[in-house]
Amino acid sequence: MADVAKDTPEPGRTLIRNIGRLLTGDLDAPLADSDCLMIEDGVILGFEEGDADRVIDAAGCALAPGLIDGHCHPVFGDWTPRQNQVGWIEMNVNGAVTSFISAGEVHLPGRPKDAEGVKALAMVAQRCFSNFRSAGAKVIAGAPVPELDFDRDFYVGIKEAGIRHIGEIGLGTVAKGPDAARVTGWCRELGIETIMHTGGPSIAGSHHVTAADVIEAQPDVVSHINGGPTSIPHEEIRELCRHANGALEAVHNGNEKSALVALEGAMAEGRLADFLIGTDAPAGSGVQPNGMLRMATLLASFGGLPAEQAWCCGTGNVAKRRGLEQGIVAAGRPADLVFMDRPMGSDGDDVLGGMAVGNIPGIAAVMIDGKMRTGRSRSTPPSARVPVL
Ligand SMILES: [Zn+2]
């Protein structure tokens, strides 16, 4: 799995041609009017055809940015103690996920809760995952969970250690309004991104966080606005859509009905660009390689969102709100791309039509940094068409 050589970008130029639909991940223009894409040294060069070292015939498949799971709980390596699974990251790559953002390494057995231990764990997690890329996946880890006895110096220390965001407020002893607001205040001042658990306790020992707590703290991300897994009441979800400044995130390991209420609430406020999707996996509901695809398809079918916009909620929206380069198909961005089509047997003319009627895409291939990392997916049903190298 871990192979440093594989993690270097594909050198030279690659031309992808014969693209059926080109999804950009950018909500401002979610479909591009081009049937080819040029890549150089793992980075997107542009939409013009030119000389290349290799040519990929997309055979009419759609091409889209790889999904970014903005809410997951990795531990170490491609292993999770939560469901005792090995290889969950690699299987998620088969489910079109090319980047993962940790919401806290909370499943580590016996995880420390003292300031030095929490900082050390975050640093080790971050450093390990920057050296370890299962199937090429980019895991942005190192998310320390706030505890009540951590003072401002703790946050100064993690900033100096290169930690970019904290784990979910609410998974430790910091959970309620004023305590949470103190932490988000320090982090805002120091330039550390904050995320906050929303809803009932996830497991015994974590906390119930209400809309009022979130509004008092104003984190950068309202983590799982639809519960992880227990949701706040619908009226509180609408209140967050109106009054929370942070991104509004819905997860697979949450309440599906509440995810749709949140989507509606975000749309009513003209905040679709703030609407993000994630999985919260590994979690009690398991580790679902197709979790991100299922979320995007939920929005495109029950949610009534055009499928190319639903895809933005798991790509460009996450990139913009969380400061990542990947997630948008544009010149200068990493070539983290997914070839996909409607699955065999699905209604709909193409992958977008398939999603609109509730069928998850068939993933035909996944590319990270310009390099093919999978063939036809081992997680999804077979795509109607497949690219040819
Ligand atoms: Zn949570």
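Being a predicted model, the structure only gives us computed values, none of them experimental. Note that the numbering runs from 1 along the sequence shown for the chain. First listed ligand is number 1; within each ligand, the first listed atom is number 1. Heavy atoms only: backbone and side chains are in, while hydrogens, waters and symmetry mates are out.
R321 and E249 are not joined by a salt bridge, as no carboxylate oxygen comes within less than 4.0 angstrom of a charged side-chain nitrogen. Salt bridge present: R13 and E40 bring a charged side-chain N and a carboxylate O closer than 4.0 Å. Between E235 and R242, at least one side-chain nitrogen of the basic residue sits less than 4.0 Å from a carboxylate oxygen of the acidic one, meeting the salt-bridge criterion. For the pair K320 and D28, the salt-bridge criterion is met [side-chain N within less than 4.0 Å of a carboxylate O].
Heavy atoms from other residues, nucleotides or ligands lying under 6.0 Å from CD of E264 number 12 at most.
Within H224, the N/O/S atom positioned nearest the Zn ion (ligand 1) carries the name NE2. Within E168, OE1 is the N, O or S atom that lies nearest to the Zn ion (ligand 1). H197 has its closest N, O or S atom to the Zn ion (ligand 1) at the position named ND1.
The Zn ion (ligand 1) has no N, O or S atom of D280 inside 2.8 Å of it. H71 lies apart from the Zn ion (ligand 1) in this respect, since none of its N, O or S atoms is found at a distance under 2.8 Å.
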